[in-house]
Amino acid sequence: MSDTLSLTAATAAARIRAGELDPAELWHGYRERAAADEHNAFVWVAPDGDAPAVDRDAPLAGVPVAVKDLFCTEGVPSQAGSRILEGYRPPYTATSVARLTGAGAPLLAKTNQDEFAMGSSTEHSAFGPTRNPWDIARVPGGSSGGSAAAVAAGSAPWAIGTDTGGSIRQPAALCGIVGLKPTYGAVSRYGMIAFASSLDQAGPLTRDVTDAALLFGAMAGQDPCDSTSIGLPAPVELPSRMDLRGVRIGVPDELTGEGIEPGVLASFERTLELVKELGATVEPVRLPHAPHALSAYYLIAPAEASSNLARYDGVRYGYRADGVRDLLEMYTKTRAEGFGAEVKRRIMLGTYALSSGYYDAYYGRAQKVRTLISGDFNAAWERFDFVATPTAPTVAFELGAKLEDPLAMYLNDFLAVPMSLAGIPGISIPSGLSEGLPVGFQLAGPAFSENALLDAAYALERAIDFRDAPWRKLA
Ligand code: GLN
């Protein structure tokens, strides 16, 4: 059994299709591992019982998938890591989840996350923190930390998460797996419990790049239920590229210097050498406004969040405070008791930034910076195919290390946020270790360059040949 659990999802799917692997055996193996998980990666695991019926000829061939808590799933708890959605069972399923189950991947579990996806460590969850399978004293990153920990530990074959300002790429980096944030609009947001609607984007967290392409291909596409979904110009292809000949990679000074741990930078530099050996050119590129991305992000994302979270009033969903005398007290007490400290901080920041006297000074200005950041990337694409940076400035840090210092927590995302503001795709792949912990290498490309991005990441993944991940030790 453990041999089976150490297969990548694409290999397991191929074996099921060939009649060499029983999908029911795979299901029970993962279900039991997920139920016994010691990292607090899951907030709900499918109940024991008969394995779901699967279609071996479907694209995902019965390989089960774990899904971040914030994806609405009919009849299944969907709380976005928040107490305020306690007891909520959505009457419908998110498009991306419906597409995965429709493509033959049964729902294995819901994964832990920072409350409403606000955070970089999965410590801001009403369900308690998730632990990093590499070292349980450390965080898995966030906000999709449950999905990343589950995949790294081998208690799920693959998972999906969301990335608003790094929440797929950064936990993938800190857990030594692959995470893809697609182009904004490539995947439907319908049924995702919203954080910041102009940034939220769903994507895969997987053991390798091939799995990422397979899972992404099954979830992407235009959706009439989300008017901002545009689908992809071409179907997602499985990556096959063996080298990087002719590929031009830009390395921005602004995102490869100050604030990055020496061990992370050393791994990044080593990976750039491999990139060159594979035939790519590597040259400096300027992204002059990128250093301002984090400031702009922490105005835009909280502004959108303060509006999106206004709906949690104790009337319509989930938790309602007791012992209240009137309607206003029901609203205020429900919100005071239902939201955690980080969510309240964002609501206050966002409400302030949008208030009439400050709108132009904060929110309006942040939107201008966002446009400048997109412009920087557009200029870069005239000379380069991709931009490369480390994914996160540090390796996984200890639980509690940044919990009392919100700004230190926010800084985790300064390499991921520029791509989010520009709406462009970024992928993180493991590039090696620093002090025994995984380091992520990020490649970002123009909007809708996913096929090329996955292909380049695949060639690089083969050259890096990262073999240390905990899930490999299941064999
Ligand atoms: N860590 C960032 C934040 O807290 C990004 C979160 C995300 O991408 N969901 O906003």
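Note that the structure is predicted; figures quoted are calculated from it, not measured. Order of listing sets the numbers, starting from 1, for every ligand and every atom in it.
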Does a salt bridge link Asp253 with Arg286, judged by any charged N lying under 4.0 Å from a carboxylate O?
no
Salt bridge (charged side-chain N to carboxylate O under 4.0 Å, His left out) against Glu337, all qualifying residues, sequence neighbours excluded:
Lys333
Donor-acceptor pairs are to be reported for all side-chain atoms of residues 347-354 against protein atoms at under 3.5 Å, with residues two or more places apart or in another chain.
unit_1 : atom_1 : unit_2 : atom_2 : d
Thr351 : OG1    : Ile347 : O      : 2.5

Heavy atoms under 4.0 Å from ligand 1: which residues qualify?
Ala117, Met118, Gly119, Ser120, Ser143, Asp163, Thr164, Gly165, Gly166, Ser167, Phe195, Tyr297, Tyr298, Arg346, Asp413
State whether Phe397 and Lys402 meet the cation-pi test: NZ (Lys) or CZ (Arg) under 6.0 Å from the six-membered ring centroid, and within 45° of the perpendicular axis.
yes
Test of ring centre spacing under 6.0 Å for Phe195 and Phe116
no
The criterion is salt bridge (charged side-chain N to carboxylate O under 4.0 Å, His left out); which residues satisfy it with Arg365, sequence neighbours excluded?
none
